[in-house]
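Since the structure comes first, as structure tokens, the remarks are kept for the end.
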Amino acid sequence: MAKILVADDDLAMVSVLSEVLKDNHHQVIPANSAPRAIELLKQQAPDLVLVDMEMPEGQPTGLEVLRQAKEFNRSIPVVMITGQATKERAVEALRAGAQDFIEKPFQIDELVKRVGNALFQQKAVHALAENVELKKQLQEKFRFDNLVGNSPQMEQVYRMIERVANTDATVLILGESGTGKELVARALHYNSRRAAMPFVAVNCSALPEHLLESELFGHRKGAFTGAAFDKVGLFQHADGGTIFLDEIGSMAPGLQTKLLRFLQDKELRRVGDTDTIKVDVRVIAATNEPLVQKMKEKTFREDLYYRISVIPISLPPLRDRGDDLELLVQHFVQTIAARFGMPQPKVPDAVLQVFRAYRWPGNVRELQNAIERASALCDNAVIELKDLPERILEAVAGGGNGSAPAAAPAVPSIPVSGSLAVQVASAAQFSKGFGGMSLKEFLHQQEVVYIEQAIKANGGSKEKAAEALGISMATLYRKLAPNSHARFEVEETAGVSA
């Protein structure tokens, strides 16, 4: 199915050609003059132009329509029709870029065949032009794009992709927000026989019902207020390829019914149209909502659920993929540095410990955003705790000292202890700017960090550390004791009073 612009000054010829092409499941854009054809060409971006060479005197000819079409899009095929065929005119049309040349009177079957050949050649040219890039993409996609990890959960996902990618079975991808559902959908597409055809991603929660219906299925001119011209829907645009319906749980009941009908018959009806259109599209859906619960609440059709979940693939949350965390960090550090043309920053162990402690309610997407921010803010190509988002530092600091963080994640963080906890708390305070911490409180935190480093440097011996620091054992223990700073404040105040 293609969108074809038909231009001829003879209205009867336009009508005949339109009926023939519609009978062969094409969408027709009629024009009865060259200026109108040129106008529609730029408005509608047709897949093919079928134009008569002869036009009324004083008007641009079909050759001008051809030239304008090639100027607008060099790859668009143009088939010329003429009632005054000569070798010279045919050569002139072909040199100007025409795909084919048809002489009147013609046989209907011959016209349909020529149009089909022109459309096929267009797809072939596109495929050849993209072949080198496609091979490169496929080599990358065979490693499942940006799906990084070797945890058992991810290995299971990879095995499932390998098994079902080259089938046409409908897949339902399940997982929390940010787990990489679209990446799995793309891996399925680019590892299938449909890899050279379009991959179209649609967020079903991004548009109200009537606009989403028009986007997915298209509409006829005048179907509703503002429908000034025919529109090809995304299902048709994805013909031969894959359409990815993200957040399908938010789809309105009326649209669910229309989607179910399409999945059953592989036919769609545009808004305001009476004809059905056959489309060859693989459907992949995704959700972060419990569809079983929505079925119980009667907000999601049970028959549609069983249609889209022929093959379910579940993605684990990042908090359950501990073995993959460092691989993901390294991957994002490399890709972000390459994308922005910056040196690849180092990630010290203290930062990795914080990453391990945080529970990542936003999953892999949240980790990527955190590393992108830190890479942009860090000094000397080294990511430090102060470069991390405040919410992460507060969540980890809160888990470490028992206090509730200001913006707790959906899942509690794992506590950290020792000098790292103090460093995280200091970094969290630093990231907020001055927040009321007294100078003594800040200096005390830094004192504790320094003392613990001295103890570590002396093999864990507090006696040797105290000697190296030039303080007594009593002072060392007092400074390390919980709430020691508060006691110092009391002692100092009492001393001043005395």
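No hydrogens, no waters, no symmetry mates; every other heavy atom, side chains included, goes into these values. Source: prediction; values computed, not measured.
With salt bridges taken as basic N to acidic carboxylate O contacts below 4.0 Å, none links Glu71 and Arg67. With salt bridges taken as basic N to acidic carboxylate O contacts below 4.0 Å, none links Asp275 and Arg220. Taking a cutoff of 4.0 Å between a charged side-chain nitrogen and a carboxylate oxygen, Arg194 and Asp280 qualify as a salt bridge.
In this structure, OH on Tyr306 lies 16.0 Å from CG on Leu263, to the nearest 0.5 angstrom. Separating the CG atom in Leu388 from the CG atom in Leu377 is a distance of 9.5 Å, to the nearest 0.5 Å. A distance of 11.0 Å separates CG of Asp273 from NE2 of His219, quoted to the nearest 0.5 Å. A distance of 5.5 Å separates CZ in Phe244 from CD in Glu182, rounded to the nearest 0.5 Å. Going from atom SG of Cys378 over to atom CE of Met342 covers 7.5 Å, rounded to the nearest 0.5 Å. Atoms CD and CG, from Glu162 and Asn191 in turn, are 8.0 Å apart once rounded to the nearest 0.5 Å.
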Report the C-alpha separation of Arg193 and Asp168 in whole Å, then their side-chain angles, then the decisive distance to 0.1 Å, and conclude whether the salt bridge (charged side-chain N to carboxylate O under 4.0 Å, His left out) test is met. CA-CA 10 Å; Arg193 60 180 176 80; Asp168 282 338; 2.4 Å; yes

List the steps, then state whether side chain to side chain contact (heavy atoms under 4.5 Å, CB included) holds for Lys104 with Asp52. CA-CA 10 Å; Lys104 294 179 184 176; Asp52 192 356; 3.1 Å; yes

Apply side-chain hydrogen bond (donor to acceptor under 3.5 Å, both in side chains) to residues Thr179 and Asn363 and explain how you reach the verdict. CA-CA 6 Å; Thr179 49; Asn363 292 294; 5.6 Å; no

Run the side chain to side chain contact (heavy atoms under 4.5 Å, CB included) check on Val148 and Val364 step by step: do they pass? CA-CA 10 Å; Val148 177; Val364 178; over 6 Å; no

Under the side chain to side chain contact (heavy atoms under 4.5 Å, CB included) criterion, do Glu64 and Gln68 qualify, and how do the steps go? CA-CA 6 Å; Glu64 182 58 24; Gln68 291 283 342; 3.1 Å; yes

Show your working on side chain to side chain contact (heavy atoms under 4.5 Å, CB included) between Val115 and Asn24 and close with a plain yes or no. CA-CA 10 Å; Val115 167; Asn24 284 271; over 6 Å; no

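Side-chain atoms of His26 come within 3.5 Å of backbone N or O of Ala2 as a donor-acceptor pair. Listed for the Tyr158 side chain is no donor-acceptor partner under 3.5 Å among the backbone atoms of Asn150. Of the possible donor and acceptor atoms, none in the side chain of Lys181 sits under 3.5 Å from a partner among the backbone N and O of Ala285. Using modelled atom types, no side-chain atom of Asp239 and backbone atom of Gln236 make a donor-acceptor pair closer than 3.5 Å. Checked by atom type and distance alone, the side chain of Arg282 pairs as donor or acceptor with a backbone atom of Ala169 at under 3.5 Å. Side-chain atoms of Trp360 do not come within 3.5 Å of backbone N or O of Pro317 as any donor-acceptor pair. Side chain of Ser18 to main chain of Val14: a donor-acceptor pair is present (N/O by atom type, distance under 3.5 Å, no hydrogens or angles). Remark: side-chain polar atoms of Asp8 are paired, donor with acceptor, to backbone N or O of Asp10 under 3.5 angstrom. At least one donor-acceptor pair under 3.5 Å links the side chain of Asp324 to the backbone N or O of Ser151. In this structure, Ser192 contributes its side chain and His189 its backbone to a donor-acceptor pair below 3.5 Å.
Looking at heavy atoms from C-beta onward, Ile4 lies out of side-chain contact with Asp47 at the 4.5 angstrom threshold. At a threshold of 4.5 Å between non-hydrogen side-chain atoms, the residues Arg321 and Leu325 do not count as touching. Taking 4.5 Å as the limit, every side-chain heavy atom of Ile308 sits out of range of all side-chain heavy atoms of Leu245. Between Leu147 and Ile161, some side-chain heavy-atom pair lies under the 4.5 Å cut-off. Looking at Thr287 and Leu174, their side chains come closer than 4.5 Å, going by heavy atoms from C-beta outward. Taking 4.5 Å as the limit, every side-chain heavy atom of Leu17 sits out of range of all side-chain heavy atoms of Val28. Counting heavy atoms from C-beta outward, Asp246 and Val202 have side chains that stay 4.5 Å or more apart. Residues Ser33 and Met55 are not in side-chain contact: their nearest non-hydrogen atoms beyond the backbone lie 4.5 Å or more apart.
Under a cut-off of 6.0 angstrom, the local environment of CD in Gln156 is sparse, with at most 12 non-hydrogen atoms contributed by other residues, nucleotides or ligands. Residue-environment remark: NZ (Lys278) exceeds the threshold of 12 foreign heavy atoms within 6.0 Å. In this structure, Arg163 places its CZ atom where only 12 or fewer heavy-atom neighbours from other residues, nucleotides or ligands lie under 6.0 Å away.
Here the closest non-hydrogen pair linking Leu207 and Glu215 is CD1-CG, 3.6 Å. The two residues Ile313 and Leu188 make their nearest non-hydrogen contact at CD1-CD1, 4.4 Å. Taking every heavy atom of both residues into account, Met160 and Pro312 meet most closely at CE-O, 4.5 Å. Shortest non-hydrogen contact noted between Leu40 and Pro30 is CD1-O, 3.4 Å. Between Val164 and Thr167, the shortest heavy-atom contact is O-OG1, 2.8 Å. Between Leu5 and Ala37, the closest heavy-atom pair is CD2-O, 3.5 Å.
Sorted by first and then second residue, the pairs that involve residues 20-39 and meet salt bridge (charged side-chain N to carboxylate O under 4.0 Å, His left out), not counting sequence neighbours, are Arg36-Glu39.
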For residues 249-260, dump all side-chain donor-acceptor pairs below 3.5 Å to protein atoms at least two apart in sequence or in another chain.
{"from": "Ser250", "atom 1": "OG", "to": "Ser205", "atom 2": "N", "distance (Å)": "3.4"}
{"from": "Ser250", "atom 1": "OG", "to": "Glu247", "atom 2": "O", "distance (Å)": "2.8"}
{"from": "Gln256", "atom 1": "OE1", "to": "Arg301", "atom 2": "N", "distance (Å)": "2.8"}
{"from": "Gln256", "atom 1": "NE2", "to": "Met251", "atom 2": "O", "distance (Å)": "2.7"}
{"from": "Gln256", "atom 1": "NE2", "to": "Thr299", "atom 2": "O", "distance (Å)": "3.1"}
{"from": "Thr257", "atom 1": "OG1", "to": "Pro253", "atom 2": "O", "distance (Å)": "3.2"}
{"from": "Thr257", "atom 1": "OG1", "to": "Arg301", "atom 2": "NH1", "distance (Å)": "3.1"}
{"from": "Lys258", "atom 1": "NZ", "to": "Glu213", "atom 2": "OE2", "distance (Å)": "3.0"}
{"from": "Lys258", "atom 1": "NZ", "to": "Arg269", "atom 2": "O", "distance (Å)": "2.9"}

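Ring geometry for Phe235 versus Phe262: interplanar angle of 30 to 60°, hence tilted.
Scanning for side-chain contact (heavy atoms from CB on, under 4.5 Å) contacts around Asn369 gives Arg365, with sequence neighbours left out. With sequence neighbours left out, the side-chain contact (heavy atoms from CB on, under 4.5 Å) criterion links Gln293 to Pro290, Lys296, Glu297. Met53 meets the side-chain contact (heavy atoms from CB on, under 4.5 Å) test with Leu63, Met80, Thr82, Arg89, Ala93, Phe101; sequence neighbours excluded. Evaluation of the side-chain contact (heavy atoms from CB on, under 4.5 Å) rule for Asp265 yields Arg261, Glu267 as partners, not counting sequence neighbours.
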